[in-house]
Amino acid sequence: MDIRQTAADIIASIGGKDNIAKASHCVTRLRFALVDEGKVDQKALEQIDAVKGSFSANGQFQVVIGQGLVDKVYVELTDLAGIEESSKQDVKDEAEKKLNWLQRGVKMLADIFIPILPAIVTAGLLMGINNILAGKGIFYAGKSVVDVHTAWKDFADIINLIANTAFTFLPALIGWSAVKRFGGNPLLGIVLGLMLVHPDLLNAWGYGEAKEVPVWNLFGLTIEKVGYQGQVLPVLFASYALAKLEIFLKKRIPDAFQLLLVAPIALLVTGFLSFIVIGPVTFGLGNAITLFFTTIFDKFAILGGLVYGALYAPLVITGMHHTFLAVDLQLIGDMGGTFLWPIVALSNISQGSAALAMMLVSRDEKVKGLSLTSAISAYLGITEPAMFGVNLRFRYPFISAMIGSATAAVWITLNKVLAPSIGVGGLPAFLSIVPEKWLPFFIGMAVAIVVPFVLTFVIGKARKQ
């Protein structure tokens, strides 16, 4: 493969070098902030051998190349286009100028939650391993592995401790990422998050069962000494307040006194605001959000599963799926599990199954190869190659995947399948499902595999794709 020629073909397909405002790359994709996305020749782009797909999200036009090769293509591309190498943040900043208020809000949540996602997913995977060891009835009737093999009990306890750390100190993770996103010192964000789960506070998970809630008496105000374990909104709003206050103080306090005054004042004021106003108000708001989703999925289970199962993949295209990370974490904090994330895992599988069927019906050798590799990727929880490289390109595989995902989602919703954490998507997702709900989830997985595959195969054969 001529890498320089590949780069030249990509530049021509996206409207020429004058259409590139900024360009960067990640592990698998070229990321562009284009002057006019309308100038992109999608058909020509898809004909380039190195290109496995493309899509536009959050103001960025992204071209899927693949790990390793993308680095080489990017070097040649910047040279041919005569542009400086840019960071991902540079491209994000350039792309953000074109976003409306809703897109900016979605992007803000994505910028906050995506950096902490590896810690959350790792915790979910480890909790899945603990589920296997501690879940009753999986391998032995009415007993768990550690009940039968007691030597493994402490091993499972340590795994559980490691897994629970990310969720126990979730406000610290969010505080770090959010304060950084809002322009403040991320270390102060960590302190803020830890402050909200300080051991001197009543644990939020024991709030409902507490016989007596400790309080502070502050100048006539009675403030409950309650922590915010597992909560998302309190630390998000507090982080915004902290970052903006820090920026405000830095502009007005001389450099010689900033070290002594900025951080102490910012943390002190934000701390009081958090416990007096921000915490109580957002805690109630978080409970309202939880009540809203639980009511829909309790009272209208079929409708909830159908809508979320069908629309999750389109939400990925727009980038709005990132907003539901906060909802998942809120549900986990409030009720010990989320019924939304298992549907996400089934959506991954459905996209993979549709792509796999395309391998059998397509006559294009490039599409066949891409379909197989992207299907495997989707089955392991990474759907971008399948969605943008295959399914959206031909449309009917994408619609077939939506139908399969919605059907499977209705089934697991009716059976009240829960995940105590966000884990790895795709086929390994069962590890993050509560063990007593494995059977209905496995049936849902079977539906997500069979329905999209059959629909895509039948339609593809009829269309002689």
Side-chain angles (χ1 to χ4, degrees), residues 113 116-138 144 156 159-160 162-168 170 173 205 229-232 286 289-290 293-294 296-298 301 304-305 307-309 312-313 315-316 321-351 378-383 405-406 408-448:
F113 286 102
I116 68 173
L117 200 54
I120 302 299
V121 171
T122 299
L125 182 60
L126 292 175
M127 288 181 73
I129 296 173
N130 180 70
N131 286 343
I132 294 175
L133 294 173
K136 296 183 183 296
I138 300 177
S144 66
I159 291 178
N160 189 49
I162 296 171
N164 277 327
T165 298
F167 291 102
T168 300
L170 180 63
L173 297 178
W205 287 315
Q229 286 82 358
Q231 296 294 306
V232 174
I289 292 172
T290 299
F293 280 96
T294 53
I296 291 177
F297 279 80
D298 280 343
V307 172
Y308 194 64
Y312 184 78
L315 287 174
V316 173
H321 64 300
H322 294 305
T323 61
F324 285 92
L325 282 173
V327 178
D328 276 315
L329 294 173
Q330 185 69 43
L331 289 171
I332 292 169
D334 286 346
M335 52 183 286
T338 173
F339 42 77
L340 295 179
W341 185 83
I343 297 175
V344 174
L346 296 183
S347 180
N348 297 155
I349 295 170
S350 295
Q351 293 293 331
Y379 282 148
L380 295 176
I382 307 298
T383 58
S405 175
V410 168
W411 167 259
I412 66 168
T413 302
L414 286 171
N415 284 275
K416 301 187 182 300
V417 172
L418 278 179
S421 62
I422 297 171
V424 179
L427 295 176
F430 74 93
L431 292 171
S432 297
I433 303 299
V434 291
E436 57 267 29
K437 294 297 182 180
W438 276 10
L439 180 58
F441 186 72
F442 281 137
I443 295 174
M445 288 174 69
V447 172

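Computed from heavy atoms alone, side chains included, the values below leave out hydrogens, waters and symmetry copies. In this text the structure is predicted, and so the values were computed from the model without any measurement.
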Please round to the nearest 0.5 Å and tell me the distance separating atom [atom1] of [X] and atom [atom2] of [Y].
| X | Y | atom1 | atom2 | value |
| --- | --- | --- | --- | --- |
| L125 | I422 | CG | CD1 | 13.5 Å |
| L329 | Q231 | CG | CD | 10.5 Å |
| L325 | T338 | CG | OG1 | 10.0 Å |
| M445 | W411 | CE | CH2 | 15.0 Å |
| L340 | F297 | CG | CZ | 5.0 Å |
| N415 | L439 | CG | CG | 8.5 Å |

*Using modelled atom types only, decide if a donor and an acceptor are shared between the side chain of T290 and the backbone of L331 within a distance under 3.5 Å.*
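Side chain of T290 to backbone of L331, a donor-acceptor pair under 3.5 Å: no, none is there.
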Would you find a donor on one side and an acceptor on the other, under 3.5 Å apart, between the side chain of S347 and the backbone of I343?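 Such a contact is absent between S347 side chain and I343 backbone.
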Search all heavy atoms of [X] against all heavy atoms of [Y] and return the closest pair with its distance.
| X | Y | result |
| --- | --- | --- |
| S405 | S350 | N-OG, 3.2 Å |
| V410 | G305 | CG2-C, 4.1 Å |
| N348 | G425 | OD1-CA, 3.6 Å |
| T168 | Q229 | O-CG, 4.3 Å |
| L418 | K437 | N-CG, 4.4 Å |
| I433 | P342 | CD1-CG, 3.8 Å |

Side chains of [X] and [Y], heavy atoms from C-beta outward: is any pair under 4.5 Å?
| X | Y | value |
| --- | --- | --- |
| F293 | Q330 | no |
| I129 | I132 | no |
| L346 | F441 | yes |
| N131 | L431 | no |

Using the ring of each side chain (for Trp, its six-membered ring), is F442 parallel, tilted or perpendicular to F430, with breaks at 30° and 60°?
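Plane angle between 30° and 60°, so tilted.
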- Task: Report the residue from V232, D328, I120 that forms a side-chain contact (heavy atoms from CB on, under 4.5 Å) with F113.
- Result: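 Of all the options given, the one that passes is V232.
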Exactly one of F339, Y308, W341 clears ring-ring contact (aromatic ring centres under 6.0 Å, His included) with F324, and that residue is Y308
